[in-house]
Amino acid sequence: MSDEDAFLAALIANPADDVCRLVYADWLEEREQFEKASYLWLVCRAVEVIGTSDESGLIGHVLTASESLPWEWRNATAGRFGLVLKGYDLANKILVVKALYDLDGGGLARAVERAEFLPNRLYAWSTL
């Protein structure tokens with residue numbers, strides 16, 4: 001098992017282990033994988049600001065940082081988070097379907113289905 005596989009296995013086994021996540025982020029930075037390292041630091045910071053006025057801005061940064069990273073890796077490393085669509089104004093359905101289409105890449109039919117059957121887990125960042 002490689003060092004990276006060991007980090008991922010540890011995070012999957014214990015999604016709330018920010019110490020492991022931060023050590024892994026440092027390890028990634030040493031290997032010049034700055035996007036992944038930055039994402040992990042943001043994930044750890046997000047836990048600290050949930051429920052504060054800084055929450056929405058930081059969660060936006062986490063989402064932006066996650067866009068270029070492989071879903072499987074993100075799912076293994078972010079562990080404790082999920083994004084659930086609970087509802088929206090039906091007047092905005094086309095915008096919601098477009099956003100789901102852009103977010104998921106699973107096709108238009110899948111985006112429409114996800115918009116119609118709520119609540120719907122959009123990001124499976126949680127291993128729960």
| request: Show your reasoning for whether side-chain contact (heavy atoms from CB on, under 4.5 Å) applies to Leu8 and Trp73. | output: CA-CA 8 Å; Leu8 293 174; Trp73 182 85; 3.9 Å; yes
| said: Using side-chain contact (heavy atoms from CB on, under 4.5 Å), reason through Leu40 and Thr77 one step at a time and then give a plain yes or no. | reply: CA-CA 7 Å; Leu40 293 178; Thr77 60; 3.5 Å; yes
| Could you go step by step and tell me if Arg21 and Trp41 meet the side-chain contact (heavy atoms from CB on, under 4.5 Å) rule? | CA-CA 8 Å; Arg21 192 170 282 109; Trp41 291 321; over 6 Å; no
| task | Go through the steps for Leu100 and Val112 under the test side-chain contact (heavy atoms from CB on, under 4.5 Å), then give the verdict. | result | CA-CA 8 Å; Leu100 292 171; Val112 170; over 6 Å; no
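Minimum heavy-atom separation, Ala25 to Ala37: O-CB, 3.3 Å. Pairing each heavy atom of Pro15 with each of Ile12, the nearest pair is CD-O, 3.8 Å.
Distance check, rounded to the nearest 0.5 Å: OG of Ser38 to CG of Leu28 gives 11.0 Å. The distance from atom CG of Leu11 to atom CG of Asp18, rounded to the nearest 0.5 Å, is 9.0 Å. To the nearest 0.5 angstrom, Arg31 atom CZ is 6.5 Å from Asp3 atom CG. Between the CD atom of Gln33 and the CD atom of Glu4 there is a distance of 5.5 Å, given to the nearest 0.5 Å.
Linking Ile, Leu, Val, Met, Phe, Trp and Tyr residues whenever their side-chain heavy atoms come within less than 4.5 Å places Leu90 and Val96 in a single cluster. Leu22 and Leu69 fall into different hydrophobic clusters, where Ile, Leu, Val, Met, Phe, Trp and Tyr residues are linked whenever their side-chain heavy atoms come under 4.5 Å apart, directly or through other members. Residue Val23 is grouped with residue Leu42 when hydrophobic side chains (ILVMFWY) are merged at heavy-atom distances under 4.5 angstrom, including chains of intermediate members.
Ring planes of Phe7 and Tyr24: parallel class, angle under 30° (limits at 30 and 60°).
Glu116 pairs by the side-chain hydrogen bond (donor to acceptor under 3.5 Å, both in side chains) definition with Lys93, not counting sequence neighbours.
At a threshold of 4.5 Å between non-hydrogen side-chain atoms, the residues Asp89 and Asn92 count as touching.
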